[in-house]
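Here's the structure, in structure tokens; my notes come after.
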Amino acid sequence: MPVRKKWRSAIPAAVIVAGCSALPAWSQTQTDVATAPTHSQLDSQLMQQLLIGEIEARRGQTAAAVQLLLDAARRTREEALFRRATEIALQGRSAEQALLAVQAWRRSLPESLDALRTQLQIDAALNRSDDIQEPLRALLARTPEAERGALIALLPRLLQRMPDRRRSAQTLDAVLAPYAEREGTRVAALVASGRAWLLADDADEALAQVRRAQVAEPQAPGPALLALELMAQRPQAEELVRAYLQAGNADPALRMAYARALMGSQRLADAAAELEQAIRDRPDAAPPRLALGALQLELRQPQAAQATLQRYLELVEGERRSAGDPTQTDEEEAPDGDERVAQGRTQAWLMLSQAAEQLGQYDAAEAWLAHVSDPQRALEVQSRRASLLARQGRLDQARTLLHDAPERDASDARIKLLTEASLLRDARRWEEAFQVLGDAAARFPDDPDLLYEQAMMAEKLGRTDEMEQLLRRVIEIKPDNAHAHNALGYSLADRGLRLPEARRLVQRALELAPGDPFITDSLGWVEYRQGNLEEALRLLRQAYASRPDPEIGAHLGEVLWALGRRDEARRVWTESRGRDAGNDVLRETLARLKVEL
């Protein structure tokens, strides 16, 4: 095969080296690059040749070193020497020499899987799409049938290092075509193809391959897992995830991953349903209960959260006691125990404190906080204590507690300012909250979170022009900020201003955060303001089903009221008031419509 000299200048050395570690499982067979291999055929001539080769490599004479090692490798047919020659070429940043070495390796030892793997990694790093097919086909053919599916699953990870990812996906499809027709490898080949097309930013082709894979084997987790990754770009991929979960014997980890995706999209009711199913499937599994407890708190179901989280702690404690000394205390176990479980316990204590706070059980809330001794969570504990004080009307004391809390870095300072503003907002001291956020924005300029919160306080104060200016600044700094687009669009719609622009802003927010019920609520509100009541009702029902938030309930109830469905409107409003009687939007809606519940 002719050597193309342009490779040395066209491909950065870091890319070549990185490409040769694309698949860690393959590189585990390599020897330590700093140590010359030991050989059973070692005589004085061979020893001298190897020593000179290593000396030449250290001197930077890559070509001479590779030639010496290759000559020794050909004579002895020792695989370790071929591998070492290739390594020296890569260390010397010579793609040409590395390819010559690996090709010689394959000619001398045609059955070597390690040689094939190494050539593939080099070809991928150099974007040799045409040349990669032959070693790829050879490797697949020689891999034992029982291991072939696992190898196929790894191939997209190898090829993603090629700059032209679309071409690499086409290459992979061509190589995997026969395997996509065989029963034992069909699903693995189709899922690998789908992942390669996803890496090539072709979500439609990726989804098509996932559909084919699920039709071939509905209970295989691979297609559902890739569909889960596709949901953010193609919401229709969720149908495939749900079909897998409903087929029976679903992988518990995949159900948990689906629940996390739903939580990320603010579809809390849907996520809670999946976690409840996970608990029914495995009643003694602790992790789903921790996640469900967090959701129940967010949905303002503190009593349910208490029961869920206390059961979580019982299960974790039972596991810990059965695994170790039953007389061991939490403090004795924590330093050497499983870090993930320790963090879960701490999170449960913090959430139980929050649940007690929501129920007005302030002594119980403080008692749960007293369990937390992790210094990394000290600021979080102080913030919760400040919230407890504020809830009891001791806001100034709460602020002092926050001010006195130590700061490890600038991030802690920022969190303290956001927490203080939140306490002031909840106490309806909006002017002071606006000032705190203004001071914070001056200290942390162009921080999108601080600017966004300041915009929300400006809206509370009736400073709509300032709110709009701040939100546009957030969008300028962070164009993919869905919340800023949504807030600006909703504000315009709520005031009946520039409704076409409001629609564009909200639709853009929904593109950035598909399925978010708060953004869907905003779009429903735009439809309502434009007089499209039936479409508004459809969207608001969808949003409320995913996230029964009092503000969404207020909007849904108003559209139902306007449509003359007043009994249903009252039911929705009553549910919403039960979750948060103090919600400003709900109270304003009922007062404006002169409705008494």
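A distance-only check finds no donor-acceptor pair linking the side chain of Ser387 to the backbone of Ser383 [under 3.5 Å]. Put simply, the side chain of Arg529 gets close to the backbone of Asp494: a donor and an acceptor are under 3.5 Å apart. A donor-acceptor pair under 3.5 Å is formed between the side chain of Gln392 and the backbone N or O of Leu388. Between the Arg300 side chain and the Arg579 main chain, a donor and an acceptor come within less than 3.5 Å of each other.
For the pair Leu297 and Ala305, the tightest heavy-atom approach, listed with the atom from each and the gap, is CG-CB, 4.0 Å. What you find for Thr308 and Arg289 is that their closest heavy atoms are CG2-O, 3.1 Å. A pairwise comparison of heavy atoms in Leu533 and Ala562 identifies CD1-CB, 4.4 Å as the closest pair.
No option in Trp573, Trp525, Phe518, Trp561 other than Trp525 meets the ring pair (Phe, Tyr, Trp, His ring centres under 6.0 Å) test with His555. Of the options Met467, Glu459, Glu466, a side chain to side chain contact (heavy atoms under 4.5 Å, CB included) to Arg463 is made by Glu466 and by none of the others.
The 12-atom threshold is exceeded at CZ of Arg498, counting heavy atoms of other residues, nucleotides or ligands nearer than 6.0 Å. Counting heavy-atom neighbours within 6.0 Å of Gln303 CD, excluding the residue itself, gives a total of 12 or less. Environment of CD in Glu511: crowded, with over 12 heavy atoms of neighbouring residues, nucleotides or ligands closer than 6.0 Å.
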Please set out all donor-acceptor pairs under 3.5 angstrom arising from side-chain atoms of residues 268-275, sequence neighbours excluded.
unit_1 : atom_1 : unit_2 : atom_2 : d
Asp270 : OD2    : Arg267 : NE     : 3.0
Asp270 : OD2    : Arg267 : NH2    : 3.1
Asp270 : OD2    : Ser546 : OG     : 3.4
Glu274 : OE1    : Arg255 : NH1    : 2.7
Glu274 : OE2    : Arg242 : NH1    : 3.3

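Evaluation of the ring-ring contact (aromatic ring centres under 6.0 Å, His included) test over residues 400-434, restricted to residues two or more places apart or in two chains, returns none.
Counting heavy atoms from C-beta outward, Leu290 and Leu309 have side chains that approach closer than 4.5 Å. Side-chain contact check for Glu558 versus Arg592: some heavy-atom pair is nearer than 4.5 Å. Residues Asp439 and Gln435 are in side-chain contact: their nearest non-hydrogen atoms beyond the backbone lie under 4.5 Å apart. In this structure, Arg195 and Glu229 have side chains that are in contact, with non-hydrogen atoms separated by less than 4.5 Å. A 4.5 Å side-chain heavy-atom check between Gln310 and Leu352 finds at least one atom pair inside the cut-off. Leu450 is listed as a side-chain neighbour of Leu418, based on a closest heavy-atom distance under 4.5 Å. Looking at heavy atoms from C-beta onward, Val372 lies out of side-chain contact with Arg345 at the 4.5 angstrom threshold. Using a 4.5 Å heavy-atom cutoff, the side chains of Gln354 and Gln358 are in contact.
Rounding to the nearest 0.5 angstrom, the gap separating the CD atom in Glu205 from the CG atom in Leu198 is 11.5 Å. Of the inter-residue distances, the one linking Thr346 atom OG1 with Met351 atom CE reads 11.0 Å to the nearest 0.5 angstrom. One finds the CZ atom of Arg443 at 6.0 Å from the CG atom of Leu417 (value rounded to the nearest 0.5 Å). For the atom pair CZ (Arg311) and CG (Leu292), the distance works out to 13.5 Å, reported to the nearest 0.5 Å. Distance check, rounded to the nearest 0.5 Å: CZ of Arg571 to CG of Leu556 gives 8.0 Å.
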